[in-house]
Participant: 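First the structure, which I've put down as structure tokens, then a few questions once you've had a look.
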Amino acid sequence: MRCAMALAMILSVAAGVAAAQAPPEAVSPGARWEPDPGTVRRLTSGCANAPALDTCRAKVLQAAGAPPAAVAFAERTGYTGFLRDYRTANPVAVAYVVYPFRANENSGVLLVNGSPPTIDVDDPRMLDTNDLAADPLYASLLRGNPGLAVFPGDRFDTRYPVSMRTPDDGRRFLVVYQLQTCHACAQVGQATVAFDFAADGRFDGTRLWAIDVDAAGTPAASQKPVTVSASPPGPVELALGQPLIVSLTATAATGYQWRLAEPFDQTVVRFTSSQHEASTTSGVGAPGAMHLGFTPVGRGTATIALEYVRPWERGVAPARSVRIPVVVR
């Protein structure tokens, strides 16, 4: 389900801002810069009583040696965040942010350079609660964990969020959130939400992609994962909620990666994770592995088709392909 209300609110706010001022300049790697503790103190104590707070903060950053692009990025966050790292994912980009003034969640992720120009993946409007309520695994998890809430996932590791091309040549980001009953409580599951962008960079909304339940959740999730490493001779049989891990050889240094080759029935199984594992041997180009996780969410059949490609190459046949028929009992 598209998060239509969140999209409407974002676009409405973006339209109002655009009418008042020009769009911010595009974020680039040149905006990377982190303040030292002394600069952080000057931003807080030195500007506390300034009549023009933002002007004071900009001057403090300039005096500390921050390049103009870094100052512009800080302005984009209300001078609360600074660009720690950057990843291009055309037509938009991923900005990894450090928030030195926060007591919790000092790392964040922004999707930038699209339309609207900045989307905070941890904006509470991004996750449609109706999507959560309609998911059978989430409902089961909620029954056993009263007070279950959504918290930000890992926002430090620059391998995430996982991104992939959409069928219309846009971009999809799979953003993971933790499901916990309190901020300091143990994680009992995770929600993965797809953030979709059209080929021209226009934000196309969000939808719940998958609920991944830990062993402490439903009985089905406590079953041992099934792992496959090639096209099986017959269907892989799974119980509802039983994880499927597809573990395939991959050499990241060559630019090749495994990705979904075609859509599959998401009412039966959903893609929940993608992780690269570096080679255990030394040497450039040594093969590692890519582990793709899937979770059955409904009874039925589906076929997971994967291809090993360089994502930027068009019209080139995959170097390898795998097809995995799945039956969920």
Side-chain angles (χ1 to χ4, degrees), residues 24 26-36 66-67 69-70 72-74 76-77 80-102 104-114 117-123 126-127 151-166 170-178 187 190-197 201 203 206 209-210 212 248 250-260 271-280 284-293 309-312:
V27 179
S28 69
R32 285 184 291 208
W33 187 83
E34 296 183 43
D36 57 40
F73 182 85
R76 183 185 290 239
T77 68
T80 62
F82 302 89
L83 186 65
R84 177 179 61 83
D85 214 332
Y86 175 93
R87 174 160 60 97
T88 299
N90 291 329
V92 293
V94 185
Y96 298 91
V97 188
V98 58
Y99 294 99
F101 309 109
R102 289 183 177 179
N104 297 301
E105 275 88 44
N106 295 105
S107 296
V109 167
L110 304 179
L111 304 177
V112 298
N113 300 345
T118 305
I119 293 177
D120 185 344
V121 301
D122 292 317
D123 184 327
M126 292 292 95
L127 184 57
F151 292 86
D154 182 4
R155 303 292 182 250
F156 185 83
D157 193 331
T158 55
R159 295 176 299 175
Y160 305 102
V162 172
S163 71
M164 62 183 68
R165 284 288 182 187
T166 59
R171 177 66 62 175
R172 172 172 296 142
F173 296 92
L174 299 181
V175 181
V176 175
Y177 301 84
Q178 295 178 357
Q187 179 180 335
Q190 66 182 28
T192 302
V193 176
F195 285 66
D196 285 357
F197 290 81
F203 181 50
T206 68
W209 186 258
D212 188 16
L248 302 167
T251 307
T254 64
Y256 278 97
Q257 62 180 259
W258 287 97
R259 70 177 185 184
L260 299 175
F271 176 55
T272 55
S273 64
S274 175
Q275 184 177 12
H276 287 85
E277 180 183 346
S279 171
T280 56
V284 177
M290 191 168 182
H291 308 292
L292 305 173
V309 297
R310 290 189 176 104
W312 63 86

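Note that the numbering runs from 1 along the sequence shown for the chain.
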Participant: Would you please test Phe173 and Thr206 for side-chain contact (heavy atoms from CB on, under 4.5 Å) and show each step?
Facilitator: CA-CA 9 Å; Phe173 296 92; Thr206 68; over 6 Å; no
Participant: In the structure I gave you, are the side-chain heavy atoms of Val94 and Pro161 within less than 4.5 Å of one another anywhere?
Facilitator: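 The answer is yes; the side chains approach within 4.5 Å.
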Participant: Phe271 and Gly293: which non-hydrogen atoms are nearest, and at how many Å?
Facilitator: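 Shortest heavy-atom contact: CD1-O, 3.4 Å.
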Participant: Nearest heavy-atom pair of Ser28 and Tyr86: which atoms, and what distance?
Facilitator: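 Scanning both residues completely, I find the closest heavy atoms to be CA-CE1, 3.9 Å.
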Participant: If the condition is salt bridge (charged side-chain N to carboxylate O under 4.0 Å, His left out), which residues does Asp36 pass it with, not counting sequence neighbours?
Facilitator: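 In terms of salt bridge (charged side-chain N to carboxylate O under 4.0 Å, His left out), with neighbours along the sequence ignored, Asp36 is linked to no residue.
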Participant: So, taking the atom named CG in Asp120 and the one named CE in Met126, what distance separates them when rounded to the nearest 0.5 Å?
Facilitator: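 Rounded to the nearest 0.5 Å, the CG-CE separation comes out at 8.5 Å.
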Participant: Checking side chain to side chain donor-acceptor pair (under 3.5 Å) for the pair Ser163/Arg171: CA distance, chi angles, key distance, verdict?
Facilitator: CA-CA 7 Å; Ser163 71; Arg171 177 66 62 175; 3.3 Å; yes
Participant: To the nearest 0.5 angstrom, please state how far the CZ atom of Arg84 sits from the CZ atom of Phe73.
Facilitator: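 Arg84 CZ to Phe73 CZ: 11.0 Å, rounded to 0.5 Å.
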Participant: Would you indicate whether the side-chain heavy atoms of Val193 and Trp209 approach each other to under 4.5 Å?
Facilitator: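 Sidechains of Val193 and Trp209: no contact.
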Participant: Are a donor atom and an acceptor atom from the side chains of Thr166 and Arg172 found within less than 3.5 Å of each other?
Facilitator: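 No, no side-chain donor-acceptor contact under 3.5 Å.
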Participant: What pair of heavy atoms forms the shortest contact from Arg76 to Thr118, and how long is it?
Facilitator: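 Nearest heavy atoms, Arg76 then Thr118: NH1-OG1, 2.7 Å.
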Participant: Would you confirm whether Asn113, through its side chain, and Ala26, through its main-chain N or O, come within 3.5 Å as a donor-acceptor pair?
Facilitator: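 Not a single qualifying donor-acceptor pair exists.
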Participant: Mind checking whether Gln187 and Gln178 have side chains closer than 4.5 Å, heavy atoms only?
Facilitator: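 Side chain of Gln187 against side chain of Gln178, heavy atoms only: contact under 4.5 Å found.
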Participant: Hey, mind stepping through Arg259 and Met164 against side-chain contact (heavy atoms from CB on, under 4.5 Å) and telling me if it holds?
Facilitator: CA-CA 7 Å; Arg259 70 177 185 184; Met164 62 183 68; 5.8 Å; no
Participant: Tell me every residue that passes side chain to side chain donor-acceptor pair (under 3.5 Å) with Glu105, counting only those two or more places apart in sequence or in another chain.
Facilitator: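 So Glu105 forms a side chain to side chain donor-acceptor pair (under 3.5 Å) with His183.
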Participant: For Leu110, which of Val97, Val27, Val92 qualifies under side chain to side chain contact (heavy atoms under 4.5 Å, CB included)?
Facilitator: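 So, applying the side chain to side chain contact (heavy atoms under 4.5 Å, CB included) to Leu110 and each of Val97, Val27, Val92, only Val97 qualifies.
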Participant: So, for Ala74 and Phe82, which heavy atoms are closest and what is the spacing to 0.1 Å?
Facilitator: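 Looking at all heavy atoms of both residues, the closest pair is CB-CE2, 3.8 Å.
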Participant: Taking side-chain contact (heavy atoms from CB on, under 4.5 Å) as the definition, give me every residue that meets it alongside Val121, ordered by chain and number, with sequence neighbours left out.
Facilitator: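 Result, side-chain contact (heavy atoms from CB on, under 4.5 Å) vs Val121: Val109, Leu111, Arg155, Val175, Tyr177, Phe195.
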Participant: Applying side chain to side chain donor-acceptor pair (under 3.5 Å), name anything that partners Asp157, two or more places apart in sequence or on another chain.
Facilitator: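 Listed in chain order: Arg159.
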Participant: Taking all atoms of both residues into account, what is the closest heavy-atom pair of Asn90 and Arg165, and its distance?
Facilitator: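 It is O-NH1, 3.3 Å.
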Participant: Examine distances only and state if a side-chain atom of Trp33 and a backbone atom of Leu83 form a donor-acceptor pair shorter than 3.5 Å.
Facilitator: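 Pair absent, no side-chain N/O of Trp33 close to backbone of Leu83.
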Participant: List the residues meeting side chain to side chain donor-acceptor pair (under 3.5 Å) with Thr192, not counting sequence neighbours, and say none if there are none.
Facilitator: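 Testing Thr192 for side chain to side chain donor-acceptor pair (under 3.5 Å), a comparison that skips the adjacent residues, returns none.
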Participant: Using a 4.5 Å cut-off on heavy atoms from C-beta on, say whether the side chain of Pro100 contacts that of Glu34.
Facilitator: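 No, side chains not in contact.
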Participant: Tell me, please, which residues at least two apart from Tyr96 pass side chain to side chain donor-acceptor pair (under 3.5 Å).
Facilitator: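 Result, side chain to side chain donor-acceptor pair (under 3.5 Å) vs Tyr96: Arg87.
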Participant: Counting neighbours of CZ on Phe156 that are heavy atoms of other residues, nucleotides or ligands and sit closer than 6.0 Å, is the number greater than 12?
Facilitator: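 No, not enclosed.
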Participant: For the residue pair Tyr99 and Thr80, what are the closest heavy atoms and their distance?
Facilitator: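 Taking Tyr99 first and Thr80 second, the nearest heavy atoms are CD2-O, 3.4 Å.
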